[in-house]
2 protein chains.
Amino acid sequence: MDMRFDLAQKAQDDTALVMAGAPSGKGCGGQYCDRCEVRDQAICADLDEQQRGALNRIGRRVSLQAGQTVMWEGDSSTLVANVIEGTLKLSTSTGDGREQIVGVVYASDFIGRPFGARTPHSVTALTDARLCLYPRGAFDGFAREHPVLEHRLLQRTLDDLDRTRAWMLLLGRKNAREKVATLLLDMHNRLPADRGGVIELPLSRQQIADVLGLTIETVSRQIGDLKRMGLIALAGRRGVRIVDADRLEAMAEGE
Amino acid sequence: MDMRFDLAQKAQDDTALVMAGAPSGKGCGGQYCDRCEVRDQAICADLDEQQRGALNRIGRRVSLQAGQTVMWEGDSSTLVANVIEGTLKLSTSTGDGREQIVGVVYASDFIGRPFGARTPHSVTALTDARLCLYPRGAFDGFAREHPVLEHRLLQRTLDDLDRTRAWMLLLGRKNAREKVATLLLDMHNRLPADRGGVIELPLSRQQIADVLGLTIETVSRQIGDLKRMGLIALAGRRGVRIVDADRLEAMAEGE
DNA sequence: CGATTAGTTGAACACCCTCAACCCAAGTGG
DNA sequence: CCACTTGGGTTGAGGGTGTTCAACTAATCG
């Protein structure tokens, strides 16, 4: 079997989403939100105490293991969620199995398709992750009653759209060298580095290829070239340190 | 000079946007909206009489000629608009002039970047067009005060995001044949056909190439092939008739 | 330690790009 | 009316970038 599909093993059923700690909701008045790591960045940030309690009551926390898929492309949209911790990919495929990763989401991002019938892409955990999960109907209702939440969601969606369109330029018009350089810089900006300046990529080589519209071999060669040119240094399979950011930026723009 | 840039001649200044008919706004209480062709599809559809009047007061109607650019990538975002009539392209470019069309908008679509500092892509009229134009500050304020409008805008933005992500699969993973077939089917679904079943493409060959991440020659060859295979028929430069939709669909999916 | 999975490297090929010539339709002006 | 131009589109030949297929190496894990 093609290893590309390994990460996409179908979760047996919904109960495979493990509850983290005690069940939330049920009159606990936002106790999870109070100590939530992302409450000031996520879409719930502008809610007041009471509203957050109400939202909390319709949601629940779940833990995901790396590789687990939360939503499937084309399925009816029944869930939405905030990402509390971890990194996930959004992906679509052609009928014959070619995959394209259409987004990578991090802590405090929002996933799922509110106000729509179908989930347009699959959502799969790249690392272990924790979500704050809401059933669609309840979330949609809550959102419609709370314009501050909808406004935040709108802002986030507009930002997503901008970023997605910028990525189209990469997919349509950049060559392999430029694509890889752009991705490394993008990850560098989004992920925390250790004190040595090394970032841990949340993506395998195959997944990098699926983000960039390339093959794994091309990605491997380009990364090797960048290393040989002294623009980056590698630390194990997933570790990367940007050595010469300026020259890497130049690569990314094709100069 | 490279002909690719012809369509992007910079409008001399803002006053180049010609007012259509008498000036709107100024206490006319939504008279333009009353006879607006897109009022039931655009984001203002759910506003009541009075709200529409208020919105009308902050906007104005402008006419565009094919080729005119309304907004420039990277400029500070000062305008948003509804498209009343016509087709426009959204595009970004690399530093060295490679262009990618990141969206094509039609009547009743919304353009511009509300709630954000910069316009992430240029907007250029492909055909003559009419817009209902709002200054950013006033529009943002109105939207925040009218959740029904924001909700419509959110729905539209979510749809745009879905469509954009679907296009990423095309850009990253489809070959030239599949790309061209997909575009023709997409246009077929979005544009009105005459009684002979012929649709008038709003895009030149170069623009098709810029949507698909190809070169003009490749587009021309692929269209020629599809014609020779009897899947489509051509009528002049811009006219296309889908002869065998099923086989074209199969082409589009790579079967 | 072998077994397994992820990543690298090489050689040959294919697809699409590049560059160039050419065609065609629609002006324009003598 | 015809020669000439101009812009968009087509066609051809050749080459390069990235893919494909295969073998190999490096990490990880029992």
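Residue numbers start from 1 in every chain, and the chains themselves are labelled A, B, ... in the order their sequence lines are given, proteins ahead of strands.
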Asker: Hey, is A:D96 close enough to B:R173 for a salt bridge, meaning N to O under 4.0 Å?
Answerer: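 Salt bridge: no.
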Asker: Which atoms of nucleotides 14-16 of chain C (N or O only) lie under 3.5 Å from a protein N or O atom, and what are those distances?
Answerer:
from: C:dC16; atom 1: OP1; to: B:A176; atom 2: N; distance (Å): 2.8

Asker: Just to verify, what does B:R156 make a side-chain contact (heavy atoms from CB on, under 4.5 Å) with, not counting sequence neighbours?
Answerer: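 For B:R156 the side-chain contact (heavy atoms from CB on, under 4.5 Å) partners, ignoring immediate neighbours, are B:I43, B:S108, B:D109, B:F110.
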Asker: Figure out the CG/C1' separation between A:L212 and D:dG18, and round it to whole Å.
Answerer: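 Rounding to the nearest Å, CG of A:L212 and C1' of D:dG18 are 13 Å apart.
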Asker: Rounded to whole Å, please give me the gap between CD1 in A:I208 and P in D:dG18.
Answerer: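 It works out to 16 Å between those atoms.
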Asker: Output the rounded distance in Å from CZ (B:R98) to C1' (D:dT17).
Answerer: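 The answer, rounded to whole Å, is 13 Å.
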Asker: Just jot down the side chain to side chain donor-acceptor pair (under 3.5 Å) partners of A:D128, sequence neighbours excluded, or say none.
Answerer: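 If we apply the side chain to side chain donor-acceptor pair (under 3.5 Å) test to A:D128, skipping adjacent residues, there are no hits.
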Asker: Could you state the atom-to-atom distance from CZ of B:R173 to C1' of D:dT20 in whole Å?
Answerer: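 That distance rounds to 13 Å.
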Asker: Applying salt bridge (Lys or Arg N to Asp or Glu O under 4.0 Å), name anything that partners A:E37, two or more places apart in sequence or on another chain.
Answerer: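 So A:E37 forms a salt bridge (Lys or Arg N to Asp or Glu O under 4.0 Å) with A:R130.
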Asker: C:dT8 base to A:R228 side chain: any donor-acceptor pair below 3.5 Å?
Answerer: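 Checked by distance alone, the answer is no.
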Asker: Using side-chain contact (heavy atoms from CB on, under 4.5 Å) as the criterion, point out the one residue from A:L126, A:D210, A:V219 that pairs with A:L203.
Answerer: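 For A:L203, the side-chain contact (heavy atoms from CB on, under 4.5 Å) check succeeds only for A:L126.
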Asker: So, using side-chain contact (heavy atoms from CB on, under 4.5 Å) as the criterion, who are the partners of A:S91 when residues are at least two apart?
Answerer: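 So A:S91 forms a side-chain contact (heavy atoms from CB on, under 4.5 Å) with A:K89, A:E99, A:I101, A:S122.
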Asker: Nearest whole angstrom, please: distance from the P of D:dT17 to the NZ of A:K179.
Answerer: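 Going from NZ in A:K179 over to P in D:dT17 covers 14 Å.
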Asker: Should the side chain of B:R221 and the base of D:dG12 be counted as holding a donor-acceptor pair, with the cut-off at 3.5 Å?
Answerer: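 Indeed, a donor on one side and an acceptor on the other fall under 3.5 Å apart.
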Asker: Rounding to an integer number of Å, can you tell me how far B:E217 CD sits from D:dG15 P?
Answerer: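 After rounding, the gap between these two atoms is 17 Å.
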Asker: Specify the separation, in whole Å, of atom CD of A:Q206 and atom C1' of C:dG7.
Answerer: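 Result: 11 Å.
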Asker: Collect all protein-nucleotide pairs involving nucleotides 22-26 of chain C in which both atoms are nitrogen or oxygen and the distance is under 3.5 Å.
Answerer:
none

Asker: Over how many whole Å does the gap from A:L203 atom CG to C:dA6 atom P extend?
Answerer: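 Whole-Å distance recorded here is 14 Å.
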Asker: Return the set of residues passing side chain to side chain donor-acceptor pair (under 3.5 Å) with A:N175 (not counting sequence neighbours), or none when no residue passes.
Answerer: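 Once residues adjacent in sequence are excluded, A:N175 has no partner under the side chain to side chain donor-acceptor pair (under 3.5 Å) criterion.
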Asker: Between side-chain atoms of residues 180-193 of chain B and protein atoms elsewhere (two or more places apart, or another chain), which donor-acceptor pairs fall under 3.5 Å?
Answerer:
from: B:T182; atom 1: OG1; to: B:K174; atom 2: NZ; distance (Å): 3.1
from: B:T182; atom 1: OG1; to: B:E178; atom 2: O; distance (Å): 2.6
from: B:N189; atom 1: ND2; to: B:L185; atom 2: O; distance (Å): 3.3

Asker: Give every residue pair that meets the side-chain hydrogen bond (donor to acceptor under 3.5 Å, both in side chains) criterion with at least one member in residues 224-236 of chain A, sequence neighbours excluded.
Answerer: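 Found A:R177-A:D225, A:D225-A:R228.
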